[in-house]
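Worksheet: the structure to be examined is printed underneath.
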Amino acid sequence: MKHSNLRNGWVGGIVNIFLILLGLTGLAGTLLQGWLGLPSPAFGVWVSLLGVVVWSAARATKASGTQSWREALAGGALSGLLSGGIVGLLVGLLATLDAGSVEIRQWLVQLTPEAIALLTFGVAPWLATLLVAGVHALAGLLGSALYFAAITYQWQASVKGVLQDAGHSISQTQVYQRIAGHPSATTFAYAAGAILLLTAPLYLGRYWNYTLGTVGLYVILGLGLNIVVGMAGQLVLGYGAFFAIGAYTVALLTAPTPHGIMMNFWLVVPIGVILAALSGVVLGLPVLRMRGDYLAIVTLGFGEIIRILLKSDALIEFTGGPRGVRAVGGPSLFGIKMNNEFYFTYFIIIGIILAAYITAQLQKSRVGRAWMAIRGDEDVAEAMGIMTLKYKLLAFAIAAGLAGLSGVLFASRNKFTGPEDFTLLVSINVLSLVIIGGMGSIPGVIMGALILKGLPEILRELSDYRMLAFGALLVLMMILRPEGMWPSTRQKMELHGDEEKAETSEHTEPARGVA
Amino acid sequence: MVETTEKRPQRRYVDIGRWVRLGMGIIVAGFALWRMWNVFFVQQEYGLDTWTRFLISGIILGSVYAVIALGYTLVYGILFMINFAHGDVMMLGAFAGYFTLEAFKGRGFLNQNAGTAALSVIAAFMVGMALSMVVALLLERIAYRPLRKAPRLVPLISAIGASLVLQNAAQLMFGAERHTYANPDIIDRSTGISFLVQGQEVLITYTGMLTLGLSLLLMVGLLLLVRKTKMGKAMRAVAQDKETAALMGINVDRIIANTFAISGILAGAAGVMWGLHMGILYHYVGFIPGLKAFTAAVLGGIGNVVGAMVGGLTLGILEAAGPAILGLPFQLKDVLAFSILVLVLIFRPTGLVGQVLADKA
């Protein structure tokens with residue numbers, strides 16, 4: 001009982017220290033200040049810090065399983081005090097250093113004097129330590145009291161009941177019943193969505209067309225990688241290389257420098273796709289007999305090789321070197337130049353529909369089932385007569401081709417391409433969106449792209465924390481929900497089938513004794 | 001049983017991959033031989049002194065790679081997973097050492113005399129190793145332990161996520177600018193012992209000697225730990241078979257945590273060495289050396305402690321002297337390192353001194 005309190009106490013304290021050092025408390029402060037129109041960011045800072053303590057105290061109370069009010073409150077206060085002690089010592093130290101005119105932000109950039117002042121209440125360092133510890137202890141008390149009250153008076157059940165009633169009363173209304181009950185309701189909803197999507201570029205401005213286009217390009221990339229990672233189960237980290245091959249194909253074949261070939265855009269699109277697919281096959285042949293993490297590392301190495309080669313002076317005559325290629329050509333149809341964001345949004349939507357259609361058809365076909373078997377167990381698949389190398393190569397080629405398509409559209413839309421467009425970050429972004437959205441699931445990939453590329457554009461204030469959040473999300477996702485946010489039913493079954501079986505077996509034979 | 005299945009014509013299974021590998025091998029070897037012929041017999045651009053310099057810097061670089069590679073190899077040997085965040089653990093250790101040295105420098109302690117300088121450097125190593133150890137332990141506890149029974153792709157993705165978190169946390173906390181490591185004056189990065197080769201001065205810096213000496217010490221220490229102590233025995237047992245080891249009364253969780261702690265300590269030491277020797281520190285500094293150290297581990301045969309050392313030194317020398325040997329621009333030294341990784345994995349996935357590992361590659 002005591003143990004869980006202590007544990008949650010120091011975990012809470014360490015979390016809070018990281019919140020302070022990473023500047024997340026300051027971020028919460030400015031955000032809440034803006035939204036609520038407060039005079040100072042202090043409220044947000046303390047809400048974020050004490051929120052952690054309330055949460056950890058509630059967890060401690062839950063873990064201790066105590067039955068009495070007194071024990072629950074004492075435990076909560078203890079864990080809060082422990083968190084507060086840790087944070088308080090840090091705050092005291094910072095305040096002392098700050099008062100001794102040490103420039104802390106020289107080393108820890110988030111700790112500006114203003115940020116420290118918000119934490120110390122403007123009093124002497126030792127008093128600040130005590131105050132911080134006291135406030136944390138109060139928050140711990142609050143957390144345990146809330147949790148204990150919630151289980152004692154069964155708030156959870158009553159909240160659930162209210163929500164259910166609300167849902168029920170909505171579904172009982174005549175309007176809802178008439179709409180949802182109509183046989184063509186689903187068709188109508190899809191049609192409305194499609195019309196909304198197709199007319200969106202018309203009333204969105206340049207900026208939003210561009211952003212939507214970027215999201216769309218990542219959807220195409222994600223759908224491609226989804227074939228390799230999600231369906232065939234091969235982890236590939238250097239996927240950005242194929243994107244680069246597509247982009248450089250269109251750039252070198254349509255730009256005036258360095259080659260001056262100036263081909264027609266529509267001719268270059270298939271060339272880029274085929275070149276990327278071919279390079280996928282060429283890379284795939286030697287490496288695809290490797291498995292798991294080795295394949296990931298080799299493809300990562302390949303991606304880096306391509307990027308460094310593009311960037312180096314060795315190929316400056318051929319690829320333009322670190323400065324990249326300018327004035328990449330765009331499409332035109334019937335004499336109309338279509339070289340702006342508006343048209344490209346449509347091209348990208350067409351690309352997505354194409355990619356999604358191909359993926360969906362393949363998934364249902366014999367090929368898709370072969371991939372599924374390979375993902376499940378390569379040796380067994382081989383034994384069942386599936387030519388694993390052939391199907392893995394096919395997956396590689398299609399994925400690389402889609403990346404090439406995305407690259408062609410990307411370079412042509414930006415009218416420029418350079419080696420810095422293809423850092424490892426591109427590959428990791430695409431992988432993250434496939435995994436977070438849900439491996440092997442088409443709507444999952446679209447959702448993942450919207451979350452990973454679209455949300456950061458809307459929440460500009462958070463852009464510094466974007467990559468941190470991706471990383472944390474990847475870890476959390478793997479621990480809590482490895483199948484992704486919008487999983488395909490198949491993946492869900494594979495990843496959770498065992499657990500369900502284990503649970504049922506535990507129910508059927510409760511007296512398993514010492515395992 | 002009723003015979004309903006017809007006999008299909010037998011198809012001969014042609015392993016195209018093998019022929020592609022053969023072709024690739026011939027092309028790569030031919031290219032290397034041609035370039036070497038050019039460099040050694042046609043151009044003869046570099047004298048013996050330059051080659052000595054390449055060799056020295058290669059050995060020093062390689063010894064750092066070897067220490068980092070040991071961390072990869074230990075973890076891989078036990079969990080069969082690539083600890084993608086290992087390079088970033090090293091980066092955090094380097095930052096801890098940097099802050100320690102800065103603190104001593106701010107107090108004027110760093111350059112009082114040789115004794116205080118030595119104490120400061122020792123303290124920097126201690127702090128760096130301690131912090132890296134804590135980070136590695138937390139990493140194992142938070143990001144890897146819950147996933148131990150999951151399919152192999154899952155912990156790898158989690159490791160990639162952890163690497164992103166560490167890198168970006170470091171950037172947010174310490175800023176994106178490059179910091180310069182505060183060496184004590186007596187081991188400044190430009191001082192050292194110099195000797196003459198063919199009438200040309202060749203310098204071995206003190207930081208280089210420190211790095212090399214300490215790396216050798218750490219490698220020998222680790223070998224002794226793995227081969228002679230009880231914990232080493234337990235680690236080898238867990239690496240062979242976790243379930244049987246558990247039945248023999250070994251606390252598998254604790255041994256795995258210990259392994260991560262040791263790999264963290266090694267990473268921390270490597271980080272401080274890297275800082276002292278290379279001098280530049282920023283949040284991305286761990287990633288590329290980490291990748292190269294992984295290459296070194298693979299080159300030597302992953303899961304093999306001696307292999308990591310051999311691989312590290314080989315890779316260091318190849319990276320320092322390779323561009324010159326092949327007559328390529330030095331910008332391409334990273335390409336060379338990654339090409340070695342790709343080629344080793346294609347042609348000899350068991351590494352230079354590795355034994356045959358089924359299903360690993």
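Residue numbers start from 1 in every chain, and the chains themselves are labelled A, B, ... in the order their sequence lines are given, proteins ahead of strands. Basis for what follows: all heavy atoms, side chains included, without hydrogens, waters or symmetry-related copies.
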Legend entry - Contacting region of B:Leu166 [heavy-atom separation from chain A under 4.5 Å]: neither

Legend entry - Interface moiety of B:Phe287 toward chain A, non-hydrogen atoms closer than 4.5 Å: side chain

Legend entry - Toward chain B, the part of A:Leu237 with a non-hydrogen atom under 4.5 Å: side chain

Legend entry - Contact list for residues 327-346 of chain B, test salt bridge (Lys or Arg N to Asp or Glu O under 4.0 Å), sequence neighbours left out: B:Lys292-B:Asp334, B:Glu319-B:Lys333

Inset, instruction - Counting only heavy atoms closer than 4.5 Å, note whether B:Leu147 contacts chain A via side chain, backbone, both or neither. - result: side chain

Inset, instruction - Determine whether the aromatic ring centres of B:Phe260 and B:Tyr144 lie less than 6.0 Å apart. - result: yes

Inset, instruction - Look only at the side chain of B:Asn83 and the backbone of B:Tyr72, and say whether a donor-acceptor pair between them is shorter than 3.5 Å. - result: no

Inset, instruction - Using non-hydrogen atoms and a 4.5 Å limit, figure out which bit of A:Leu111 sits close to chain B: side chain, backbone, both or neither. - result: neither

Legend entry - Lys/Arg cation over aromatic B:Tyr282: B:Arg178, 6.0 Å, 45° cone: yes

Legend entry - Side chain / backbone / both / neither for B:Phe84 at chain A, heavy atoms under 4.5 Å: side chain

Inset, instruction - Go through the atoms of B:Ser339 and report whether side chain, backbone, both or neither lie under 4.5 Å from a heavy atom of chain A. - result: both

Legend entry - A:Ile428, part contacting chain B, at a heavy-atom distance under 4.5 Å: side chain

Legend entry - Heavy-atom contact with chain A under 4.5 Å, split by part of B:Met24: side chain

Legend entry - Toward chain B, the part of A:Leu24 with a non-hydrogen atom under 4.5 Å: neither

Inset, instruction - For side chain to side chain donor-acceptor pair (under 3.5 Å), just list the numbers for A:Glu382 and A:Thr388, CA-CA rounded to whole Å, side-chain angles, deciding distance to a tenth of an Å, and then say yes or no. - result: CA-CA 6 Å; A:Glu382 184 102 48; A:Thr388 51; 3.0 Å; yes

Legend entry - Atom group of A:Leu424 that falls short of 4.5 Å from chain B, counting heavy atoms: side chain

Inset, instruction - Using a strict cut-off of less than 4.0 Å between a Lys/Arg side-chain nitrogen and an Asp/Glu carboxylate oxygen, indicate whether B:Glu140 and B:Arg148 qualify as a salt bridge. - result: yes

Legend entry - Region of A:Ile479 in contact with chain B, defined by heavy-atom distances below 4.5 Å: both

Inset, instruction - Heavy-atom pairs under 4.5 Å with chain A are the metric here; pick the option from B:Ile288, B:Val344, B:Leu164, B:Thr295 that has the most. - result: B:Leu164

Inset, instruction - List in chain and number order the residues that pass side-chain hydrogen bond (donor to acceptor under 3.5 Å, both in side chains) with A:Asn16, two or more places apart in sequence or in another chain; answer none if no residue qualifies. - result: A:His136

Legend entry - B:Leu336 versus chain A, the contacting section by heavy-atom distance below 4.5 Å: neither

